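Just so it is clear, the structure is predicted and the values come from calculations on it, not from any experiment.
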Amino acid sequence: MRLMLAALLLTGVVGCQSAVPVAAGASAAAAPVASAPVASAPFYLEAYLAGGKVTTPAVRVMNGFTGQVEASIAAPAGAGSWSWNPGRPVWYPCGAAPDDRMFLLCGADRYWELRLGNDGKPQPMSAPADIPVAARNNGSNGNPEFVVSSDGRLAAVTTATGAIMVLSLVTSATRSWTIPSGDGYATGLSWAGDRYVAFQFVSRSGDHDTGGVRVLDTRSAATAALAASRLVISGVFNPVITPDGSKILAAAWTSFNVAELAEFSARTGRLLAVLIPAESMPGHGSPCQALWTDLSGAHLIAYCGTAGVVNGTRFTPVDLHLPDTSGTDFSGLLW
């Protein structure tokens, strides 16, 4: 997924945030505990420099349970390079679908679709397609990070101007919803079906009533992101909406540098359950986020101070092989 040069470039909220999520109704409702195991093998992609040569970027397919490298994918001839760094190919994982099998790999101005078999081995990549100009790295906005819908037909991304853009991976058509830079910016995009995009809106305007996790209706006639979306929850971070649109999984600060992972109703914002109890986030913080979810959110792979799997509302610690980090999310770690 829930997205930068592979698994190591980090953004996120650091330090003490509001202690309690602001949502409609604050009491937790216990959900049934499911006994079925997590339904997906935990493969993720990361970029690295093959052989330590700065001119040879590659992408590895990693098994998150074993740490085994399942495959290495070298940059294709058409990956290209940025004008401010000519001669150095650009090649990194830039998007993922919820099924943990479909990924996007990006060069400087084009992307390729990659699908993995159930054994983690890559199938032949698609022909390259153009990254929309508005979403490309222009030297100041960073690498584009796409989130792919569960049907694999659409991708959402924030543009260099701060808009939310939806790209058809079938026709290359795009549509955008604007966010004036003075108002704030969007981060943490995720899909519910092929219509709704959840995102974290960070307000800069002083109108804190608009900030929080919002859900954008891509069929809305509105052209502004705030007008086309509704606020669901405030006071949380690292949100992921479940692909069926029923729940939002997010981290919440409970005290200074202490956070928990919880699930909320995507319709009302009501707290449904705490999935990983509050853990200390020392120093600059540790990641606290859902790394993978099935369609309904009944089965998760997650990390909040401790890595593990969640079945229903039961958390079981599991040794995940994840890259070291010192921020509050694994941005760029594509499952």
Side-chain angles (χ1 to χ4, degrees), residues 1-12 42-64 66-97 100-117 119-148 155 157-160 167 169 189 287 291 320-327 329-335:
M1 350 202 106
R2 351 252 335 282
L3 302 163
M4 311 171 201
L5 179 57
L8 303 177
L9 298 186
L10 301 167
T11 60
F43 300 118
Y44 67 89
L45 303 188
E46 66 175 8
Y48 75 108
L49 299 177
K53 297 178 182 179
V54 297
T55 57
T56 315
V59 171
R60 288 189 293 214
V61 180
M62 306 293 298
N63 186 313
T66 67
Q68 179 176 329
V69 179
E70 301 292 347
S72 180
I73 306 163
S81 59
W82 288 308
S83 60
W84 58 89
N85 198 2
R88 179 174 180 177
V90 176
W91 188 236
Y92 67 99
C94 59
D100 189 37
R101 293 295 184 272
M102 177 184 173
F103 297 87
L104 301 183
L105 301 178
C106 282
D109 54 16
R110 295 196 283 181
Y111 68 88
W112 286 254
E113 293 182 26
L114 171 72
R115 295 181 184 273
L116 303 179
D119 59 358
K121 303 305 181 186
Q123 299 172 4
M125 291 190 299
S126 70
D130 289 340
I131 298 173
V133 174
R136 295 177 189 174
N137 186 341
N138 63 15
S140 62
N141 60 310
N143 296 335
E145 292 186 348
F146 297 89
V147 291
V148 181
V157 65
T158 54
T159 70
L167 164 69
L169 300 177
L189 279 58
L291 297 171
L320 291 181
H321 291 259
L322 300 172
D324 293 332
T325 183
S326 60
D329 70 355
F330 286 112
S331 294
L333 182 65
L334 299 182
W335 293 74

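Atom OG of residue Ser83 and atom CG of residue Asp109 lie 10.5 Å apart, to the nearest 0.5 angstrom. Taken to the nearest 0.5 Å, the CZ atom of Arg101 stands 11.5 Å off from the CG atom of Leu114. Between the CG atom of Leu105 and the OH atom of Tyr92 there is a distance of 10.0 Å, given to the nearest 0.5 Å. Between the CD atom in Glu70 and the CZ atom in Phe43 there is a gap of 5.0 Å [rounded to 0.5 Å]. The line from CG of Leu169 to OG of Ser126 is 9.0 Å long, rounded to the nearest 0.5 Å. Taking NE2 of His321 as the start and OH of Tyr44 as the end, the distance is 8.5 Å to the nearest 0.5 Å.
Looking at every heavy atom in both residues, Gly120 comes nearest to Val61 through O-CG1, 3.5 Å. Across all non-hydrogen atoms, the minimal contact from Gly139 to Trp84 is N-CH2, 3.3 Å. The heavy-atom pair separating Ser81 from Gly87 by the smallest distance is OG-N, 3.4 Å. Closest of all the heavy-atom pairs between Met62 and Gly67 is CE-O, 3.4 Å. The two residues Val59 and Pro93 make their nearest non-hydrogen contact at CG2-CD, 3.8 Å. For the pair Ala135 and Pro144, the tightest heavy-atom approach, listed with the atom from each and the gap, is O-CB, 3.1 Å.
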Quiz item: Step by step, would you call Val90 with Asn143 a side chain to side chain contact (heavy atoms under 4.5 Å, CB included)?
Solution: CA-CA 10 Å; Val90 176; Asn143 296 335; 5.5 Å; no
Exercise. Kindly determine whether Glu145 and Val157 satisfy side chain to side chain contact (heavy atoms under 4.5 Å, CB included), including the steps that lead there.
Key: CA-CA 6 Å; Glu145 292 186 348; Val157 65; 5.6 Å; no
Quiz prompt | side chain to side chain contact (heavy atoms under 4.5 Å, CB included) evaluation trace for Phe146 with Cys106 | solution = CA-CA 10 Å; Phe146 297 89; Cys106 282; 4.0 Å; yes
Self-check item: Derivation of the side chain to side chain contact (heavy atoms under 4.5 Å, CB included) call for Val148 and Met102
Solution: CA-CA 8 Å; Val148 181; Met102 177 184 173; 4.1 Å; yes
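Counting only distance, with no hydrogens or angles, the side chain of Arg60 and the backbone of Ile73 share no donor-acceptor pair below 3.5 Å. Between the side chain of Asn141 and the backbone N or O of Asn138, at least one donor-acceptor pair lies under 3.5 Å. At least one donor-acceptor pair under 3.5 Å links the side chain of Asn63 to the backbone N or O of Thr66.
The side chain to side chain contact (heavy atoms under 4.5 Å, CB included) check on Arg110 picks up Trp112, Pro128, Asp130, with sequence neighbours excluded.
Residues Pro76 and Trp91 are in side-chain contact: their nearest non-hydrogen atoms beyond the backbone lie under 4.5 Å apart.
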